[in-house]
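Note sheet for the following structure.
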2 protein chains.
Amino acid sequence: LIQARNLSRVYRLGGGDVHALRGIDIDIDEGEYVAVMGASGSGKSTFMNLVGALDTPTSGELTIAGERLADRSPDQLAAFRNRVVGFVFQQFNLLPRTTALDNVALPLLYRGTPAARRQARARECLEMVGLGDRMDHHPSQLSGGQQQRVAIARALANEPRLLLADEPTGALDSRTSEDVMAIFDSLNASGITIMLVTHEEDVGAHARRRVIFRDGRILEDRS
Amino acid sequence: LIQARNLSRVYRLGGGDVHALRGIDIDIDEGEYVAVMGASGSGKSTFMNLVGALDTPTSGELTIAGERLADRSPDQLAAFRNRVVGFVFQQFNLLPRTTALDNVALPLLYRGTPAARRQARARECLEMVGLGDRMDHHPSQLSGGQQQRVAIARALANEPRLLLADEPTGALDSRTSEDVMAIFDSLNASGITIMLVTHEEDVGAHARRRVIFRDGRILEDRS
Ligand SMILES: Nc1ncnc2c1ncn2[C@@H]1O[C@H](COP(=O)(O)OP(=O)(O)OP(=O)(O)O)[C@@H](O)[C@H]1O
Ligand SMILES: Nc1ncnc2c1ncn2[C@@H]1O[C@H](COP(=O)(O)OP(=O)(O)OP(=O)(O)O)[C@@H](O)[C@H]1O
Ligand SMILES: [Mg+2]
Ligand SMILES: [Mg+2]
């Protein structure tokens with residue numbers, strides 16, 4: 001499903017270049033369950049953003065679900081993302097003046113799902129993460145862990161083929177964390193490919209493969 | 001140092017009231033090292049915001065360093081915070097168009113510290129958290145864990161008497177997390193009072209007292 005060859009990403013800044021990814025080679029098959037780990041600043045989110053077509057590499061190749069992403073326009077990438085990917089952002093990226101329900105419904109709105117179906121699916125996803133009683137709250141009216149769960153619900157709304165989750169339990173207590181991992185486990189059991197960044201061993205243990213990043217490279221890749 | 005009596009906070013929303021804190025009674029002495037834990041949505045951040053004078057209670061009393069906060073104007077509360085408190089926010093709250101260095105220097109600017117001293121102190125705090133080579137980056141040019149460390153450095157800049165940290169290691173790998181906790185441990189050993197919210201047992205173990213929140217109340221308080 002995912003194939004990266006010599007994938008690199010350099011951020012060019014006034015003060016000097018940051019080599020965030022240095023020649024990544026990796027293959028991830030459909031249905032895999034991968035944990036991405038490594039020190040702060042080692043390139044995990046940069047890698048996730050490339051795989052999720054939210055960013056473009058400086059060099060190297062990336063093919064996802066048969067699409068060579070380098071050949072696509074921004075609009076085509078957005079449509080591809082909407083169809084294939086569910087993304088839980090490390091910083092949630094919720095729309096601030098929008099209710100939890102409408103935040104979760106956004107991917108469905110983008111794909112043209114009718115209103116009644118959108119609302120029903122968004123409600124279902126919020127209930128799955130235990131926020132059935134917070135649907136009309138705005139993000140600033142939610143706790144940190146509740147905002148994270150809205151971000152998770154939104155990633156699931158469109159029934160993605162590939163779920164990319166960047167530290168999805170970072171703001172959650174252990175009990176809520178287990179509930180979320182149980183959802184991810186059952187999604188993977190039903191065939192969805194999951195790649196999640198985590199720095200928690202307990203969370204990483206749910207995956208069947210662990211990829212460890214260090215200084216923009218893959219240090220270790222174990223199944 | 002901190003005394004709360006029957007402290008309550010109700011958020012009034014169109015759809016109904018949220019009783020985030022329900023009659024909290026707690027005393028925290030100078031020099032204590034307290035871990036605040038509990039499920040997502042149980043009131044931890046709400047409590048921290050009240051203690052840090054960032055929010056006002058709906059009812060009950062809160063006295064910090066001898067100041068009855070209810071008697072103070074917003075300007076007086078801001079001056080009090082700047083003098084006494086260092087706050088690491090759950091969502092970091094960094095200024096987006098400002099470098100890491102200037103973000104960290106902000107509390108010193110507010111208190112009138114001269115420019116040369118401000119820069120030197122901010123640089124020192126950033127080096128303490130391992131970001132000496134990221135000083136001129138803006139928040140969007142930093143990884144999640146790097147942003148969190150800038151927030152930590154900023155909380156330490158003014159040498160606060162009371163350090164309030166809301167999930168300070170949430171975005172950090174275990175190694176970086178240990179480095180940060182070592183800083184907190186040494187600050188506490190030098191007399192600074194620390195209250196930190198965490199959902200990680202390993203982090204909570206550094207504290208000498210654990211307070212567990214549930215549904216807006218204190219369920220357990222153990223030393
Ligand atoms: N501004 C607000 N308006 C309305 N409700 C709010 C607001 N802020 C928080 N809440 C609600 O108050 C309750 C307590 O929130 P709080 O942020 O204190 O929880 P928390 O213990 O810090 O949770 P977490 O571990 O997820 O960060 C939550 O149920 C939340 O939905
Ligand atoms: N927009 C940007 N401009 C410049 N440098 C950047 C930018 N985004 C990230 N970086 C740098 O690239 C490196 C990798 O960042 P990345 O966000 O991928 O790390 P990460 O492994 O996700 O870290 P964390 O665990 O802290 O979230 C970091 O050193 C960071 O400072
Ligand atoms: Mg990251
Ligand atoms: Mg919180």
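Treat the numbers as computed from the prediction; the structure is a model and nothing was measured. Numbers restart at 1 for each chain; the letters A, B, ... are given by sequence-line order, proteins then strands.
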Original post:
So, for B:Pro107 and B:Asn82, which heavy atoms are closest and what is the spacing to 0.1 Å?
Top reply: O-ND2, 3.0 Å

Original post:
Is chain A contacted by the side chain of B:Gln147, its backbone, both, or neither, given a heavy-atom distance below 4.5 Å?
Top reply: side chain

**OP:** Answer whether the closest heavy-atom distance between the side chains of B:Ile28 and B:Thr193 falls below 4.5 Å.
**Re:** yes

Original post:
With no hydrogens and no angle check, do the side chains of B:Asp185 and B:Tyr33 hold a donor and an acceptor under 3.5 Å apart?
Top reply: yes

**OP:** Name the region of A:Thr169, side chain, backbone, both or neither, that has any atom closer than 4.5 Å to a heavy atom of chain B.
**Re:** backbone

Original post:
Which answer fits B:Thr176, side chain, backbone, both or neither, if we ask what part of it has an atom under 4.5 Å from a heavy atom of chain A?
Top reply: side chain

Subject >> Side chains of A:Arg208 and A:Asn188, donor plus acceptor under 3.5 Å >> reply: yes

Subject >> Non-hydrogen side-chain atoms of B:Leu21 and B:Phe47 separated by less than 4.5 Å >> reply: yes

**OP:** Just give me the residue among A:Gly15, A:Gly43, A:Ala171, A:Gly14 that pairs up with chain B most often, heavy atom to heavy atom, under 4.5 Å.
**Re:** A:Ala171

Subject >> Part of B:Ser42 lying under 4.5 Å from any heavy atom of chain A >> reply: neither

Original post:
Side chain, backbone, both or neither: which part of B:Gln146 has an atom under 4.5 Å from a heavy atom of chain A?
Top reply: both

**OP:** Considering only heavy atoms and a distance below 4.5 Å, find which of A:Val197, A:Val18, A:Leu172 pairs most often with chain B.
**Re:** A:Leu172

Original post:
Under a 4.5 Å heavy-atom cut-off, does chain A meet the side chain of B:Ser40, its backbone, both or neither?
Top reply: both

Original post:
Among A:Ala39, A:Ser45, A:Gly130, A:Ser174, who wins on heavy-atom pairs under 4.5 Å with chain B?
Top reply: A:Ala39

Original post:
Taking it one step at a time, do B:Arg22 and B:Asp215 satisfy salt bridge (Lys or Arg N to Asp or Glu O under 4.0 Å)?
Top reply: CA-CA 8 Å; B:Arg22 308 168 191 254; B:Asp215 291 330; over 6 Å; no

Subject >> Interface residue of largest heavy-atom contact number with chain B, from A:Arg149, A:Lys44, A:Arg134, A:Glu200, under 4.5 Å >> reply: A:Arg149

Original post:
So which part of B:Gln148 gets closer than 4.5 Å to some heavy atom of chain A, the side chain, the backbone, both or neither?
Top reply: neither

**OP:** Heavy-atom pairs under 4.5 Å with chain B are the metric here; pick the option from A:Asp133, A:Leu13, A:Asp136 that has the most.
**Re:** A:Leu13

**OP:** With the side chain counted from C-beta on, respond yes when A:Phe87 and A:Met48 share a heavy-atom pair under 4.5 Å apart, and no when they do not.
**Re:** yes

**OP:** Please report the C-alpha distance between B:Glu32 and B:Arg209 in whole Å, then the side-chain angles of each, then the deciding distance to 0.1 Å, and finally whether the salt bridge (Lys or Arg N to Asp or Glu O under 4.0 Å) criterion is met.
**Re:** CA-CA 8 Å; B:Glu32 284 209 58; B:Arg209 178 179 175 186; 3.1 Å; yes

Subject >> Among the listed options A:Glu201, A:Arg175, A:Gln141, the residue most often paired with chain B at heavy-atom distances under 4.5 Å >> reply: A:Gln141

Original post:
So do the side chains of B:Arg214 and B:Ile212 get within less than 4.5 Å of each other, counting heavy atoms only?
Top reply: no

